[in-house]
Amino acid sequence: MDNCLKKYYIITYGCQMNLHESEKIAGILTELGYSATNSEVDADIIVFNTCCIRENAEDRAEGNIGALKKLKKQKKDLIIAVGGCMTQQPGFAQKLHEMFPFVDIIFGTHNLERFKELLEKKLSQKKTLIAVDEKEGEIIEGTPKTRTSFPNAWVNITYGCNNFCTYCIVPYVRGRERSRSMENILKECKDLVKQGYKEITLLGQNVNSYGKDLENTSFAKLIEEVSKIEGDFRLRFMTNHPKDFNEDLIRAISVSKKACKTVHLPVQAGSNRILKLMNRKYTREDYLEKVKLLRQYIPDVSITTDIMVGFPTETEEDFLDTVDLVKQVGFAGAFTFIYSKRDGTPAAKMDGQVDEEISKTRIMKLIDLQNETNRKQSETYLNKTVQILCEGFDDKKGMYLGRDTYGRMAYFKSETDLIGQFVDVKITKTGGISLIGELV
Ligand code: 5AD
Ligand code: SF4
């Protein structure tokens, strides 16, 4: 069969981990002779890479899959595949098959690396192919990748999670934590730098526990080794877990010539009672202590976070503890979420689920507070010159954009294409979280 003109379209939900996994699916399809299209209607294969961390991501995916029924009727040869965390939930693949019988392939997170095999098998059979292994396997190296975010590149360092925060479904759908070998990670990073990538983001559900299943290694050691790679590039990593974020690591970040001066340190809540119920294994005092230590080593570090409101039994007093912590730390950015009940997690069975309206009021308060902090922090940039890695062009604004070492986004005009270059930008205008400037 001649695949030369075949096109793929991938729809990704959720986090950077998923975006990177979509790059692997794209890589596999590219090897099979497919090329990318940005129109569903032109596609020969449509892949949904789903997320189940919160209910709304799941609802959106289901809505979008359902909407393809008509297209599939018109285009009999169209292949529709659904993968990602959503399908990995117990019993979900079958449910999905019953809801959407026109879907051709349903594959789990543990089956992603075998997507080529699955597609080939599907092409030779009529019925829906369901491939969702219950248990994670060994790490599979060498999956091709079609990267989509030059000059940034993601590199997996761990898969799965062992933390079992009581609200979170990730450990159930991504399996136990497994670390990639340092050798393989370093090889991938070196290749990326050689290819001209200027920013590497190391990815894991909890990068700080990297190497616990290997011998004589740690995340601090990995930072040290990646930082030794020659070339002009920046290093980022996510996500950190406060319980494992230790002084050795802080030291390694502070002396690294490559590590950006920003750390994403999800706090989730500022109330000790809620943190305990969440099984986060640290107190607000521990968290604030780590922030203090981090700022001792890197005084200008920018700290970003994830915060959840409306966890079961959260009272106004608990919420005010969160507000107080947010004020004390002065985060450079915060992703805020309303707790979403996930079947199969311990929190789903807890009494005292919080009313949606109360959660909405709480999240709005947090967003307002964070916006105010962002505005104040942005003002300190006025008339300063910052080094920006140019990452793209914003069609709507007609401007290039990129981030500084602290992760702050800046927009600027240029006659020439600067994507992939470090440039100096003088900030002339500040808005909410982003900055506007001129090339100097
Ligand atoms: N409900 C709401 N937010 C959640 N997160 C994880 N699980 C849930 C859930 N059930 C958030 C956490 C985590 C981020 C990636 O998603 O804040 O840090
Ligand atoms: Fe979920 Fe907690 Fe693991 Fe993060 S550390 S993926 S929140 S269980």
Side-chain angles (χ1 to χ4, degrees), residues 12-21 50-60 84-86 88-89 109 136 156-179 201-210 212-213 219 237-245 263-271 274-282 287 303-314 319 322 325-326 331 333-350 352-354 356 358-360 362-363 366-367 370:
T12 311
Y13 302 84
C15 58
Q16 286 171 334
M17 192 77 69
N18 266 24
L19 286 167
H20 185 45
E21 277 167 1
T50 63
C51 167
C52 62
I53 203 153
R54 278 172 294 275
E55 196 178 357
N56 56 4
E58 245 181 33
D59 291 348
R60 266 188 298 134
C85 308
M86 195 166 111
Q88 195 69 51
Q89 299 172 86
T109 42
E136 68 280 4
N156 287 124
I157 66 163
T158 63
Y159 298 92
C161 182
N162 287 351
N163 291 314
F164 291 94
C165 301
T166 55
Y167 50 80
C168 185
I169 199 157
V170 169
Y172 305 92
V173 292
R174 290 193 173 267
R176 297 292 62 73
E177 189 177 275
R178 291 141 283 152
S179 303
T201 303
L202 305 177
L203 287 181
Q205 306 296 343
N206 172 9
V207 287
N208 306 147
S209 58
Y210 170 77
K212 284 193 176 163
D213 52 337
F219 186 56
F237 45 88
M238 71 185 308
T239 279
N240 298 283
H241 194 308
K243 81 175 164 64
D244 298 313
F245 194 76
V263 172
H264 185 66
L265 197 59
V267 67
Q268 312 298 357
S271 147
I274 295 292
L275 286 170
K276 197 160 176 24
L277 283 176
M278 287 177 164
N279 191 31
R280 291 289 290 178
K281 300 195 175 83
Y282 55 85
Y287 186 90
I303 304 172
T304 57
T305 200
D306 292 347
I307 309 171
M308 196 186 300
V309 299
F311 184 83
T313 77
E314 186 188 67
F319 172 66
T322 300
L325 184 137
V326 170
F331 290 110
F335 295 102
T336 47
F337 307 103
I338 291 180
Y339 163 75
S340 169
K341 188 173 168 179
R342 305 284 65 208
D343 281 346
T345 61
K349 294 189 214 86
M350 288 181 189
Q353 303 283 328
V354 175
E356 179 83 14
I358 295 180
S359 295
K360 278 188 187 153
R362 289 182 186 160
I363 203 172
L366 272 183
I367 292 171
Q370 190 54 43

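Read the numbers this way: they start at 1 and go in the same order the structure lists the ligands and their atoms. Predicted model, so just to flag it, every value in this text is computed and none were measured. For the numbers below, each heavy atom of this structure counts, side chains included, while hydrogens, waters and symmetry mates do not.
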Q: Tell me which protein heavy atom sits closest to atom 5 (S) of ligand 2, plus the residue, atom name and distance to 0.1 Å.
A: Asn163 ND2, 3.4 Å
Q: Report yes or no: does His241 have an N/O/S atom closer than 2.8 Å to atom 3 (Fe) of ligand 2?
A: no
(Q) Could you identify the single nearest non-hydrogen protein atom to atom 3 (Fe) of ligand 2 and state the distance to 0.1 Å? (A) Cys161 SG, 2.3 Å
Q. Considering only heavy atoms, which of Val170, Asp244, Thr166, Asn208 lies nearest to atom 6 (S) of ligand 2?
A. Val170
**Q.** Protein heavy atom at shortest distance from atom 4 (Fe) of ligand 2
**A.** Gln205 O, 4.2 Å
**Q.** atom 2 (Fe) of ligand 2 reached by Cys168 (N, O or S, under 2.8 Å)
**A.** no
Q) Taking only heavy atoms of Gln268, which atoms of ligand 1 are found under 4.0 Å from at least one of them? A) 12 (C), 13 (C), 17 (O), 18 (O)
(Q) Checking Asp244 against Lys212 for the salt bridge (Lys or Arg N to Asp or Glu O under 4.0 Å) test, could you report, in this order, the C-alpha distance in whole Å, the side-chain angles of both residues, the deciding distance, and whether it holds? (A) CA-CA 11 Å; Asp244 298 313; Lys212 284 193 176 163; 3.2 Å; yes
Q. What residue and atom, counting heavy atoms only, is the protein's closest point to atom 7 (S) of ligand 2, and at what distance?
A. Tyr167 OH, 3.4 Å
Q: Please identify which atoms of ligand 1 are closer than 4.0 Å to at least one heavy atom of Arg342.
A: 10 (N)
Q: Please report which non-hydrogen protein atom sits nearest to atom 5 (N) of ligand 1, along with the residue it belongs to and the distance in Å to one decimal place.
A: Arg54 NH1, 3.4 Å
(Q) Taking 4.0 Å as the limit for heavy-atom contacts, which would you say applies to Cys165 with ligand 2: side chain only, backbone only, both, or neither? (A) both
Q: Please indicate whether any nitrogen or oxygen in Tyr339 is less than 3.5 Å from any nitrogen or oxygen in ligand 1.
A: no
